[in-house]
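See structure below.
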Amino acid sequence: MNGAMEAANKNIKKILRKMVDNYKQWHEKLPFALLGYRTIVCTSTGATHYLLVYDTEDVIHAEVEIPSLRIIQEAELSDAEWIRSRYEQLALIDGKRMKVVCHGQLYQNRMARVFNKKVRSRQFTPGQLVLKRIFPHQDEAKGKFSPNWKGPYMVQRVLTGGSLILAEMDGEIRPKLINSDAVKRYYV
């Protein structure tokens with residue numbers, strides 16, 4: 001969820017940069033930027049954020065000042081007619097959500113195909129020597145100039161799906177599985 005919030009903040013900042021000449025007036029334009037962000041169709045879902053949350057499209061201020069057909073229709077309905085029309089709208093929710101889910105799955109499949117084109121398959125066999133990547137969030141990472149790789153380790157077992165069981169050079173088996181993407185061959 002944290003990554004989604006960072007992405008949303010990044011997009012809102014992009015919108016604000018286009019609207020604001022002086023960085024001191026950003027707070028005045030923020031409501032408009034948020035409205036723009038909520039009403040723009042997302043590539044990944046094919047729907048607006050507002051539609052996904054409230055299951056209806058947002059009524060923009062211009063529609064209130066210059067009433068659109070939707071506003072006129074809702075304003076002139078009796079209570080019974082409004083309830084019936086709202087019930088019909090609620091009946092369409094499942095169809096809209098299924099459309100968004102299908103669009104999202106197609107988008108994910110496209111992204112996976114693009115990613116998989118760039119992936120190099122790596123084959124490891126027991127007994128090979130490898131180095132293990134040190135990721136920035138791990139305890140071994142000590143700063144900008146620390147090494148990126150640790151080892152060598154010996155491949156103990158190769159599991160399906162690309163996981164490896166590594167052993168120290170003295171034969172002690174490491175308890176955690178490691179993804180083959182996080183290791184590289186070590187040549188003596």
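Because the structure is a prediction, the values reported are computed rather than measured.
- Linking ILVMFWY side-chain heavy atoms closer than 4.5 Å, directly or via other members, places V158 and I178 in a single hydrophobic cluster.
- Considering only residues two or more places apart in sequence or on other chains, N11 meets the side-chain contact (heavy atoms from CB on, under 4.5 Å) condition with K14, Y37.
- Heavy-atom neighbours of R185 CZ from other residues, nucleotides or ligands within 6.0 Å: above the threshold of 12.
- Atom-to-atom distance recorded for Q105:CD and H103:NE2 is 11.5 Å, nearest 0.5 angstrom.
- Hydrophobic clustering, with ILVMFWY side chains joined whenever heavy atoms are under 4.5 angstrom apart, groups L131 together with M154.
- Using a 4.5 Å cut-off between side-chain heavy atoms of Ile, Leu, Val, Met, Phe, Trp and Tyr, with links allowed through other members, F124 and L129 fall into different hydrophobic clusters.
- The side-chain contact (heavy atoms from CB on, under 4.5 Å) search around E172 returns E168, D170, not counting sequence neighbours.
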side-chain contact (heavy atoms from CB on, under 4.5 Å) assessment of E28 paired with V20: CA-CA 9 Å; E28 296 171 4; V20 175; over 6 Å; no

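- Connection of F32 to I15 is established within a shared hydrophobic cluster, with ILVMFWY side chains joined at heavy-atom distances below 4.5 Å, either directly or through further cluster members.
- Pairing each heavy atom of A182 with each of W149, the nearest pair is O-CZ3, 3.8 Å.
- Looking at residues two or more places apart in sequence or on another chain, you find a side-chain contact (heavy atoms from CB on, under 4.5 Å) between L30 and I12, L16, W26, L34.
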Applying side-chain contact (heavy atoms from CB on, under 4.5 Å) to V155 and V183, what does each step give before you reach the verdict? CA-CA 10 Å; V155 176; V183 297; over 6 Å; no

Please step through side-chain contact (heavy atoms from CB on, under 4.5 Å) for the pair L164 and Y153, ending with a clear verdict. CA-CA 11 Å; L164 303 173; Y153 298 99; over 6 Å; no

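- Enclosure of atom CE in M19 by more than 12 non-hydrogen atoms of other residues, nucleotides or ligands within 6.0 angstrom is indicated.
- No path of Ile, Leu, Val, Met, Phe, Trp and Tyr side chains, each step under 4.5 Å between heavy atoms, connects I165 with M169, placing them in separate hydrophobic clusters.
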